[in-house]
Undergrad: 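I have a structure I would like to understand better, so I am pasting it below and will then ask my questions one at a time.
Predicted model only: the values in this text are computed from it and were never measured.
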Amino acid sequence: MKSISLYVDNGSWLCKVHPFTKLAYIATAISVPLLVGKLSFFAIFIALSLAVLASGRLLKRVVPLVAFSFTILITIFLIHGLFNQSNRNILFSIGPLHFYREGLLYALHIGCNVLNMLLSFAILVLSAKPSELVEELEKRGFSRRMGYIITSVFQIVPQMTGTMNTITDAQRSRGLETEGSLLTRAKAFLPLISPVVMSSLINTRERAVALEVRGFAAKQKKTYLADRTPHRGDTPITVVLLAMIAAALLWRIVQCL
């Protein structure tokens, strides 16, 4: 059966860590740099996320996500470097274009924040099985509807990609030209939009019917086939991460006094 999530169990230690520990890391990686407000902390957590992904043998899988984000980051640097309302001091010029220090520094904060969030969430998305995450949340009292929403978020991008590839192959077999110049690809893309959207709507309806047939809305307490084997690093890692958040919050309060 074809997988419709970004998760791949490669047997590394990262895949065995509890999803809640990874959620705690996301909260720490995002909140601590924002509370402290220094670029060095963004750099520390970006480097830490890359190290965690590398040790979990997932670094290659995150490269396309990072590459896609650079398009957005470059746009941010161009806009703020040229047109930020706080721009005063010219840092460098390229022909008639003047890039200002204030705007580039502001864009650097945004870029580091985006990259930090992307890498920290990549740890969860690439190493946590969506069904396992939802099951653990439901065991802690979360509603089934909330679990369904989380599962859908994990699956929507791979599912849309798989549907797009299937429809592209089907259209190509019917003689549609999908390769060649940029104009040819653009013309081939337009006929694919309607089938992809309609297929997604049909899949959503079929999934809703299937869930209701299986008693999704039933009020009885659910039972689980197996309990998750705890990882020995879950507790100490979580404690350290929560302590880092508390220390950053305390530091921020002291600074504001």
Side-chain angles (χ1 to χ4, degrees), residues 5-77 80 104-130 132-133 136-137 140 150 153-154 157-158 228-256:
S5 74
L6 298 175
Y7 165 77
V8 174
D9 188 2
N10 58 9
S12 66
W13 69 273
L14 189 58
C15 294
K16 300 176 183 178
V17 173
H18 198 283
F20 287 177
T21 304
K22 297 166 189 176
L23 289 174
Y25 176 77
I26 292 175
T28 305
I30 295 175
S31 62
V32 171
L34 290 177
L35 288 171
V36 176
K38 295 183 179 180
L39 280 174
S40 58
F41 278 80
F42 285 104
I44 289 172
F45 277 98
I46 289 173
L48 181 58
S49 296
L50 289 173
V52 171
L53 289 167
S55 64
R57 304 196 299 274
L58 294 171
L59 195 57
K60 289 183 179 180
R61 293 181 58 83
V62 83
V63 171
L65 301 176
V66 175
F68 174 78
S69 69
F70 268 100
T71 305
I72 302 175
L73 297 179
I74 291 172
T75 305
I76 293 174
F77 273 89
H80 288 284
L104 290 175
L105 188 61
Y106 182 76
L108 183 61
H109 275 86
I110 296 177
C112 289
N113 192 16
V114 170
L115 190 59
N116 179 42
M117 292 175 63
L118 178 65
L119 292 175
S120 58
F121 272 99
I123 293 175
L124 174 68
V125 172
L126 297 177
S127 65
K129 192 175 182 179
E132 185 178 87
L133 172 60
E136 293 297 325
L137 289 172
R140 300 304 190 277
I150 294 174
V153 170
F154 273 92
V157 174
R228 190 181 190 280
T229 303
H231 188 272
R232 62 182 182 181
D234 287 333
T235 300
I237 292 174
T238 304
V239 170
V240 171
L241 293 174
L242 295 179
M244 292 174 66
I245 296 177
L249 183 60
L250 180 61
W251 183 88
R252 188 67 176 183
I253 293 174
V254 172
Q255 291 295 112
C256 294

Undergrad: At their closest point, which heavy atom of P19 faces which heavy atom of L124, and how far apart are they?
TA: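 Looking at all heavy atoms of both residues, the shortest contact is O-CD1, 4.2 Å.
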Undergrad: Return a table of donor-acceptor pairs under 3.5 angstrom between the side chains of residues 67-76 and protein atoms on other chains or two or more places apart.
TA:
from	atom 1	to	atom 2	distance (Å)
S69	OG	V66	O	2.6
T75	OG1	T71	O	3.0

Undergrad: With N113, which residues qualify under side chain to side chain donor-acceptor pair (under 3.5 Å), at least two apart?
TA: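 Here no residue qualifies.
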Undergrad: How far does NZ of K129 sit from CD of E136, to the nearest 0.5 angstrom?
TA: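 Rounded to the nearest 0.5 Å, the NZ-CD separation comes out at 12.5 Å.
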Undergrad: Do F77 and I110 come within less than 4.5 Å of each other through their side chains, counting heavy atoms only?
TA: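 F77 does not reach I110 side chain to side chain.
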Undergrad: Is there a side-chain contact between L14 and L126, using heavy atoms and a 4.5 Å cut-off?
TA: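 The answer is no; the side chains never approach within 4.5 Å.
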Undergrad: Determine whether L119 and V52 satisfy the following criterion, side-chain contact (heavy atoms from CB on, under 4.5 Å), listing intermediate values before the conclusion.
TA: CA-CA 10 Å; L119 292 175; V52 171; over 6 Å; no
Undergrad: If you compare all heavy atoms of Y7 against all heavy atoms of P130, which two are closest, and at what distance to 0.1 Å?
TA: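 Minimum heavy-atom separation between Y7 and P130: CB-CD, 4.1 Å.
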Undergrad: Please list every donor-acceptor pair under 3.5 Å in which a side-chain atom of residues 27-45 meets a protein atom from a residue at least two apart or in another chain.
TA:
from	atom 1	to	atom 2	distance (Å)
T28	OG1	A24	O	2.8
T28	OG1	L241	O	3.3
S31	OG	A27	O	2.5

Undergrad: Applying side-chain contact (heavy atoms from CB on, under 4.5 Å), run through I26 and I123 and close with a yes or a no.
TA: CA-CA 8 Å; I26 292 175; I123 293 175; over 6 Å; no
Undergrad: For the NZ atom of K16 and the CG atom of D234, what is their distance to the nearest 0.5 Å?
TA: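 Answer rounded to 0.5 Å: 12.5 Å.
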Undergrad: Please round to the nearest 0.5 Å and tell me the distance separating atom CD1 of I46 and atom CG of L115.
TA: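 Answer for the CD1-CG pair, I46 versus L115, is 4.5 Å.
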Undergrad: Could you work out, with side chain to side chain donor-acceptor pair (under 3.5 Å) as the rule, every residue matching S127, not counting sequence neighbours?
TA: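 K22.
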Undergrad: To the nearest 0.5 Å, tell me how far L249 CG sits from M244 CE.
TA: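 If I round to the nearest 0.5 Å, the distance is 13.5 Å.
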Undergrad: Output the distance between atom CG (L48) and atom CG (L53), rounded to the nearest 0.5 Å.
TA: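 One gets 9.5 Å once the value is rounded to the nearest 0.5 Å.
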Undergrad: Scan for side-chain hydrogen bond (donor to acceptor under 3.5 Å, both in side chains) pairs involving residues 46-60, sequence neighbours excluded, and state none if there are none.
TA: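 Of all non-adjacent pairs touching residues 46-60, those that pass side-chain hydrogen bond (donor to acceptor under 3.5 Å, both in side chains) are W13-S55, Y25-S49.
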Undergrad: Quick one: which residue pairs count as a ring pair (Phe, Tyr, Trp, His ring centres under 6.0 Å) with a foot in residues 105-130, not counting sequence neighbours?
TA: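 For residues 105-130: H80-Y106.
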